[in-house]
Amino acid sequence: MRIAALFAGAAFLFFGCENNIEKIKAFSSSDNLPDMEAATFETMFTDSGEVRFFLKAPTVLHFDGEGKPYFEFPDGIELIKYDEHEQVISSITADYAKQFEKEEKWEAKNNVVATNAQGDTLKTEHLIWEEKDEKIHTEEFVRIIRENQIITGIGFQSDQSLQNWRIKNPKGTIYIDMENPQPQPADSVPPTLQEAPKQNTLQKPLNLGN
């Protein structure tokens, strides 16, 4: 199932935050103005009655883009993916995002944080999600925070659930002694640390899609 279905046709669901008043504005076609705007946007996408995605954003803008329509989230986004048991598989938050409809591609920028079911956390300033190919990648600096390690490097790629990932150019690892909070730096990243375990130890819902 594609998360693009969240935005197909009239599938928008708009919810007011405190006053329960929907704020939707329509604009005439323009290169500079959106043709639709929504505030305090929340929506869920279900498959056979089961929740698979949750999307939340303070502001959503839609632009036609001369045949290249896209959605813009100028005030940030939170995107959560669930499995068939409604347990969290992965999540992404960012201060800014775009969704390109025809390309089935998402772009997140500025303070991007992505997590997987094991609790591994990716931090970067730019992340691309190729929804059609089910891949996530960036060429920017990344930091992976795990239970007892912090791994840094340049460039990153993964499946869309952040289960099988690797850093293209590892820069180093800090090992954290859980009994002593003083971290121990390492000179290089062992090859076995460049991929997350393939086991799926799923957690209960919080905060991406198949």
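Counting from 1, the numbers follow the sequence of the chain as shown.
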Quiz item: Which pair of heavy atoms, one from Lys102 and one from Pro69, lies closest together, and at what distance?
Solution: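 Result for this residue pair: CE-CD, 4.0 Å.
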Quiz item: Any idea which heavy atoms bring Gly76 and Ala57 closest together, and the distance?
Solution: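 Taking Gly76 first and Ala57 second, the nearest heavy atoms are O-CB, 3.5 Å.
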Exercise. Give the C-alpha distance, both sets of side-chain angles, the deciding distance and a yes or no for side chain to side chain contact (heavy atoms under 4.5 Å, CB included) between Gln157 and Ile136.
Key: CA-CA 6 Å; Gln157 61 184 38; Ile136 294 173; over 6 Å; no
How far does [atom1] of [X] sit from [atom2] of [Y], to the nearest 0.5 angstrom?
X	Y	atom1	atom2	value
Ile144	Gln149	CD1	CD	11.0 Å
Thr124	Ile154	OG1	CD1	8.5 Å
Tyr96	Ile77	OH	CD1	11.0 Å
Leu79	Lys56	CG	NZ	13.0 Å
Lys98	Glu103	NZ	CD	10.5 Å
Thr59	Asp75	OG1	CG	3.5 Å

With a 4.5 Å cut-off on side-chain heavy atoms, are [Y] and [X] touching?
X	Y	result
Val88	Tyr82	yes
Arg143	Ile151	no
Gln163	Gln118	yes
Ile92	Leu127	yes
Thr46	Phe53	no
Val51	Phe45	no

Quiz item: Can you name the salt bridge (Lys or Arg N to Asp or Glu O under 4.0 Å) partners of Glu72, sequence neighbours left out?
Solution: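 Applying salt bridge (Lys or Arg N to Asp or Glu O under 4.0 Å) to Glu72 gives none.
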Honestly curious: do [X] and [Y] fall in one hydrophobic cluster under the side-chain, below-4.5 Å linking rule?
X	Y	value
Phe141	Val112	no
Phe100	Leu61	yes
Ile80	Met44	yes

Quiz item: Could you go step by step and tell me if His126 and Lys109 meet the side chain to side chain contact (heavy atoms under 4.5 Å, CB included) rule?
Solution: CA-CA 5 Å; His126 187 214; Lys109 294 182 178 180; 3.7 Å; yes
Quiz item: Below 6.0 angstrom between ring centroids: does that apply to Trp106 and Phe73?
Solution: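 Centroid separation for Trp106 and Phe73: below 6.0 Å.
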Exercise. For Glu139, check side chain to side chain donor-acceptor pair (under 3.5 Å) against everything at least two apart and list the hits.
Key: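 Only Lys168 meet the side chain to side chain donor-acceptor pair (under 3.5 Å) criterion with Glu139.
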Exercise. Check whether any side-chain N or O of Asn110 sits under 3.5 Å from a backbone N or O of Asp95 as a donor-acceptor pair, and report yes or no.
Key: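 Absent.
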Self-check item: Donor-acceptor contact below 3.5 Å, side chain Asp159 vs main chain Asn164
Solution: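 Between the backbone of Asn164 and the side chain of Asp159 there is a qualifying donor-acceptor contact (under 3.5 Å).
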Quiz item: Considering the options Val142, Thr115, Ile167, which one meets the side chain to side chain contact (heavy atoms under 4.5 Å, CB included) requirement together with Leu122?
Solution: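 Only one option passes, and that is Val142.
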Quiz item: Would Gln160 and Trp129 satisfy side chain to side chain contact (heavy atoms under 4.5 Å, CB included), going step by step from the backbone distance to the final call?
Solution: CA-CA 7 Å; Gln160 64 182 6; Trp129 175 22; 3.1 Å; yes
Practice problem: Count the heavy atoms of every other residue, nucleotide or ligand shown that sit under 6.0 Å from NZ of Lys123, and state whether that count exceeds 12. | Solution: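 At most 12 heavy atoms, drawn from other residues, nucleotides or ligands, come within 6.0 Å of this atom.
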Practice problem: Would you mind listing the cluster partners of Val113? Hydrophobic ones only (ILVMFWY), side-chain contacts under 4.5 Å, chaining allowed. | Solution: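 None, because no other hydrophobic side chain comes under 4.5 Å of this residue.
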Quiz item: Can Lys105 and Glu107 be counted as an ion pair, charged N to O under 4.0 angstrom?
Solution: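 The answer is no: the pair does not qualify as a salt bridge.
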Quiz item: Side chains of His62 and Glu101: do they bring a donor and an acceptor to under 3.5 Å?
Solution: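 Glu101 and His62 do have a side-chain donor-acceptor pair below 3.5 Å.
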Quiz item: For Phe71 and Val60, what are the C-alpha separation, side-chain angles and deciding distance, and is it a side chain to side chain contact (heavy atoms under 4.5 Å, CB included)?
Solution: CA-CA 7 Å; Phe71 290 90; Val60 182; 3.9 Å; yes
Self-check item: With Lys81, the side chain to side chain donor-acceptor pair (under 3.5 Å) member among Ser161, Ser90, Ser91
Solution: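 Running side chain to side chain donor-acceptor pair (under 3.5 Å) over Ser161, Ser90, Ser91 with Lys81 returns exactly one hit, Ser161.
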